[in-house]
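These notes are about the structure you will find just below.
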Amino acid sequence: MSTPRGRRPHRPSAAAEADALISLPTGVLDDILDRVGLLDAVRTSALSRAWRRRWEDLPSIDFYFPRPDEAKHLRSVDSVLLRCPGRVRRLCAHLDEPSEGRIHDWLLVLSRRGVDTLNLRPISFDAVLALPASVFACRRLTNLRLHACAIPPLPAGFEGFPELRKLALTCVRFRENGEYQLEEIIATSPSLEKLVFWEVKILGDFKEWVIQGPNIQDIQISSSKDLGWILGELPSLHSANIDILDYLGGRDFAKFLAGFSNITKLVICTRHSPLNGAIILERLQCKFGNLKSLTLYTQFCELPSILSTYCLLRNAPNLERLKILIDNSAEQKFEAHEEFQNSQWTGGMCANLQFVQITGIHWLPNEMTFIELILSKARLFCTLFITHGENCSMSNEDAMNKILSYRRASTCAEILFKGK
């Protein structure tokens, strides 16, 4: 039907369109509001009278404010909790000073609303968030991530986190005897699959404590000092990332590494191992029989790191992928010539190695000798991928010509050079 000349066709108003949308099935509306996020879901109140309180009927909501500039939105948490009785699935936020004063009450409410994810940190870079003990009341947690928080003592009668699957603690502080608190949290979290400890601090003197769990699959530890951890029963463990600057401290680093002997993927930093640590690694007795992927943060300038690298390779007979990330130190203090490095090689070493990636190479003689050995001895080898770092000792062209002249044990071996 045509419209009279000069008259615009009738179009429904925005409010009418919104009212038509609200007639959709409840489940569809809930899904729409859930996908747009809490802030936009609340803004739908302005669409029309029919939408004014619709968001309050959502079965579950998220307080997801991951950026520091979103901390202002936390001012509305109390109002939202009063108006929306549904489940709160997660709270992810940088807490400013006003929010820190409310976090205790929020956590109590969230513990009753079945919160499963907490990701908390202070908004200021140099601040420490005093975490309230009410965090331990959130027993349905599956993911707990805390950054720069002061952890309170466990409350009496703490029963653990039965559903917790991921625990990530970065730059957090425990009080004296906090190692036992950590041990109890892990032990009472039977579903735990992933552990991340980055620069955890424990006040006072600490004793040895055990990390163990039936379902822990991945452990990541980065620390400037040894906090007394010992690996217990970890039947499901398959990957680990270890960077401990001053681990030894009178303890046996080789014994610590033996706890990872069944994993399939290992990332480890050996570039700062002291000399006695390298000797211990040289005598490492355990075999990493299941290890398929090894990433080393290391360098070929000093004897300890070189010995550690070869020791790990000798004890990983089924290794297939090796990644080496070299730091910017380009001063070669020890000459690991071909005869020396060849003496570190055993008959079955790198028998299954297929891929090597070296990042940050300086074309130093020790590095070139290592590449030559890999190419000449790894019979199943397929790909060498190289990128160079700063202050290279020779031109890229000269280095690549030299590498291309090396004998290759595998006819399938290819060399890929990406540049810097």
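Quick caveat: nothing in here was measured; it's all calculated off a predicted structure.
- Counting heavy atoms from C-beta outward, Val267 and Leu294 have side chains that stay 4.5 Å or more apart.
- Side-chain contact between Thr295 and Leu325: present, with at least one pair of heavy atoms (C-beta onward) separated by less than 4.5 Å.
- Applying the 6.0 Å contact sphere to NZ of Lys287 captures more than 12 heavy atoms from other residues, nucleotides or ligands.
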_I'd like to know whether His362 forms a side chain to side chain donor-acceptor pair (under 3.5 Å) with Ser393, so could you lay out the CA-CA distance, the side-chain angles of the two residues, the decisive distance to 0.1 Å, and finally the verdict._
CA-CA 6 Å; His362 305 293; Ser393 63; over 6 Å; no
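- A side-chain donor from one of Ser395 and Asp398 sits under 3.5 Å from a side-chain acceptor of the other.
- Side-chain N or O atoms of Thr359 include none that pairs as donor or acceptor with a backbone N or O of Thr387 at under 3.5 Å.
- Legend: residues meeting side-chain contact (heavy atoms from CB on, under 4.5 Å) with Lys194, ordered by chain and number and at least two apart, are Lys166, Val196, Asp218, Gln220.
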*Could you walk me through whether Arg89 and Asp62 pass the salt bridge (charged side-chain N to carboxylate O under 4.0 Å, His left out) test, one step at a time?*
CA-CA 6 Å; Arg89 291 173 301 200; Asp62 293 330; 3.0 Å; yes
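- Within a 6.0 Å sphere centred on NZ of Lys265, heavy atoms belonging to other residues, nucleotides or ligands number 12 at most.
- The pair Arg75-Asp96 meets the salt-bridge criterion, with a side-chain N (NZ, NE, NH1 or NH2) lying under 4.0 Å from an Asp/Glu carboxylate O.
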_Check against side chain to side chain donor-acceptor pair (under 3.5 Å), Trp106 and Asp78_ = CA-CA 8 Å; Trp106 291 347; Asp78 287 300; 3.1 Å; yes
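- Geometric assessment of Arg90 against the ring of Tyr64 yields a positive cation-pi assignment under the 6.0 Å and 45° thresholds.
- Considering only heavy atoms from C-beta on, Leu227 stays 4.5 Å or farther from Ile221 through its side chain.
- Judged purely by atom type and a 3.5 angstrom limit, Arg121 has no side-chain atom pairing as donor or acceptor with the backbone of Cys149.
- Under a 3.5 Å cut-off, the side chain of Glu302 and the backbone N or O of Pro304 do not form any donor-acceptor pair.
- Looking at Phe381 and Leu375, their side chains come closer than 4.5 Å, going by heavy atoms from C-beta outward.
- Leu81 places a side-chain heavy atom less than 4.5 Å from the side chain of Val77.
- Between atom CD of residue Glu414 and atom CG of residue Leu384 there is a gap of 9.5 Å, rounded to the nearest 0.5 Å.
- The 12-atom threshold is exceeded at CG of Asp69, counting heavy atoms of other residues, nucleotides or ligands nearer than 6.0 Å.
- Checked against the 6.0 Å centroid threshold, Phe288 and Phe260 do not count as a close aromatic pair.
- Each side chain to side chain donor-acceptor pair (under 3.5 Å) pair with one or both residues in residues 171-193, not counting sequence neighbours, would appear here, but there are none.
- A ring-centre distance under 6.0 Å is not found for Trp363 and Phe370.
- No side-chain donor-acceptor contact under 3.5 Å links Arg165 to the backbone of Thr142.
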